[in-house]
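Just so it is clear, the values below take in all heavy atoms, side chains as well, and ignore hydrogens, waters and symmetry mates. The chain is numbered in sequence order, starting from 1. Counting starts at 1 for both ligands and their atoms, in listed order.
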Amino acid sequence: MPNMKTLGEFIVEKQNDFPHASGDLSSLLGSIKLAAKIVNREINKAGLVDITGAVGSENVQGEEQQKLDLYANDKFKAAMEARDQVCGVASEEEDEAVTFNKDLNRNAKYVILMDPLDGSSNIDVNVSVGTIFSIYRRVSPIGTTPTQEDFLQPGNQQVAAGYVIYGSSTMLVYTTGNGIHGFTYDPSLGVFCLSHESMQIPEDGQIYSINEGNYIRFPQGVKKYIKFCQEDVPADNRPYTSRYIGSLVSDFHRNLLKGGIYMYPSTAMYPNGKLRLLYECNPMAFLMEQAGGIASDGKNRILDIIPTELHQRVPFFVGSTNMVKQVESFIEEYPEQY
Ligand code: AHG
Ligand code: MN
Ligand code: MN
């Protein structure tokens with residue numbers, strides 16, 4: 001008999017562990033669940049309806065926006081606004097943070113930051129994509145319009161984070177700082193069912209994930225680490241396997257289950273790396289630490305970085321503890337850039 005505990009039941013059960021919990025966070029996770037189902041429905045028929053391809057516009061970071069980027073952004077934003085637990089949203093697809101002006105929203109205590117559609121270049125070719133979210137308690141007074149400070153908090157202040165992977169099956173994975181749990185979507189029932197409780201990443205892994213086409217533009221330490229991964233040392237299970245899907249959520253999810261490392265270093269083209277601290281790195285770092293792994297910018301813990309701007313980028317190394325430590329030691333030993 002499969003485990004038939006639903007995401008909704010699980011959230012309520014966990015909330016009961018905190019006798020003074022107001023239920024707002026549970027309700028907020030409920031909004032995310034709903035938006036995820038809507039986006040999932042659209043992605044599943046992406047080849048059939050006019051939803052694939054570019055819109056012809058660029059986001060504030062100069063990246064081409066896909067129709068599904070904007071669709072997912074709108075649906076998640078609308079779900080957040082409808083349920084009054086969120087006073088504002090910052091998104092990879094919005095130039096500025098969006099603040100909600102209804103009184104009920106202004107009285108809400110949470111802000112959410114999101115990458116509504118991660119890996120969007122994969123949509124047109126039917127490869128897994130995802131949604132990433134990160135939730136903070138606001139620091140500005142309740143009842144006012146949220147400010148920049150609410151959104152620019154270090155990752156160690158997150159109260160919850162998670163992702164949805166729209167893959168061969170759709171899953172929602174989240175943490176509220178008490179382990180990381182995965183729920184697989186049963187489309188016939190329309191519910192997410194608990195399938196992966198308290199996931200833990202192996203301390204050592206044998207998979208490395210990086211866009212190796214950029215090798216020539218990587219810092220020396222990263223180049224050395226890649227060569228280390230490729231060495232023939234059977235006693236150490238090397239050479240490792242290289243796997244790179246090109247959507248962080250999917251690469252992260254596989255490495256979480258099997259053990260591995262995902263890397264997006266600084267490159268000659270992207271001196272701060274490509275991934276966004278607030279929408280991608282912080283939530284994934286929180287999840288990874290909850291799974292027993294680590295996340296680093298090559299030198300420092302991701303979750304301790306003080307953000308200075310909304311769309312800030314940062315080099316990212318995340319996964320099995322011993323693998324991330326190994327690449328950090330190469331970066332320290334070979335500090336030269338490209
Ligand atoms: P997004 O689609 O939200 O812009 O994110 C894409 C990110 C990440 O998901 C992926 O791992 C990485 O960009 C791929 O970048 P490269 O094509 O440079 O490897
Ligand atoms: Mn992304
Ligand atoms: Mn995106």
Considering only the protein, which heavy-atom contact is closest to [atom], and what is its distance?
{"atom": "atom 2 (O) of ligand 1", "answer": "Gly119 N, 2.8 Å"}
{"atom": "atom 4 (O) of ligand 1", "answer": "Arg276 NH2, 3.2 Å"}
{"atom": "atom 18 (O) of ligand 1", "answer": "Tyr264 OH, 2.6 Å"}
{"atom": "atom 13 (O) of ligand 1", "answer": "Lys274 NZ, 3.0 Å"}
{"atom": "atom 10 (C) of ligand 1", "answer": "Gly246 O, 3.3 Å"}
{"atom": "atom 7 (C) of ligand 1", "answer": "Leu275 CD2, 3.7 Å"}
{"atom": "atom 5 (O) of ligand 1", "answer": "Asp118 OD1, 3.2 Å"}

Using only heavy-atom distances, determine whether the side chains of [X] and [Y] contain a donor-acceptor pair under 3.5 Å.
{"X": "Tyr71", "Y": "Glu42", "value": "yes"}
{"X": "Thr241", "Y": "Gln206", "value": "no"}
{"X": "Ser296", "Y": "Arg301", "value": "no"}
{"X": "Gln158", "Y": "Ser134", "value": "yes"}
{"X": "Ser188", "Y": "Asp186", "value": "yes"}
{"X": "Glu63", "Y": "Asn59", "value": "yes"}

Sub-4.0 Å atoms of ligand 1 with respect to non-hydrogen atoms of [X]:
{"X": "Asp115", "value": "3 (O)"}
{"X": "Glu280", "value": "3 (O), 5 (O)"}
{"X": "Ser120", "value": "2 (O)"}

For the residue pair Tyr110 and Tyr136, is the inter-centroid distance of their aromatic rings smaller than 6.0 Å? no
Is there a polar contact, in the sense of an N or O pair closer than 3.5 Å, between [X] and ligand 1?
{"X": "Leu248", "value": "yes"}
{"X": "Asp251", "value": "no"}
{"X": "Tyr262", "value": "yes"}
{"X": "Glu92", "value": "yes"}

Heteroatom of Glu92 nearest to the Mn ion (ligand 3) (N, O or S, atom name): OE2
So is [X] in contact with ligand 1, going by heavy-atom distances below 4.0 Å?
{"X": "Tyr270", "answer": "no"}
{"X": "Leu117", "answer": "yes"}
{"X": "Tyr244", "answer": "yes"}

Apex the Mn ion (ligand 2); atoms Glu280 OE2 and Asp118 OD1; angle rounded to 10 degrees: 110°
Atom pair OG1 (Thr147) and CZ (Arg138), whose distance is rounded to the nearest 0.5 Å: 8.0 Å
Determine yes or no for a side-chain-to-main-chain donor-acceptor pair under 3.5 angstrom, with His196 supplying the side chain and His181 the backbone. no
Metal site angle (apex the Mn ion (ligand 3)), O from Leu117 and OD1 from Asp115, 10 degrees: 90°
Ring geometry between Phe218 and Tyr215 (parallel below 30°, tilted from 30 to 60°, perpendicular above 60°): perpendicular
Which residue, Phe192, Phe10, Tyr163, forms the ring-ring contact (aromatic ring centres under 6.0 Å, His included) with Phe183? Phe10
Taking 4.0 angstrom as the limit, do Lys102 and Glu81 come out as a salt bridge? no
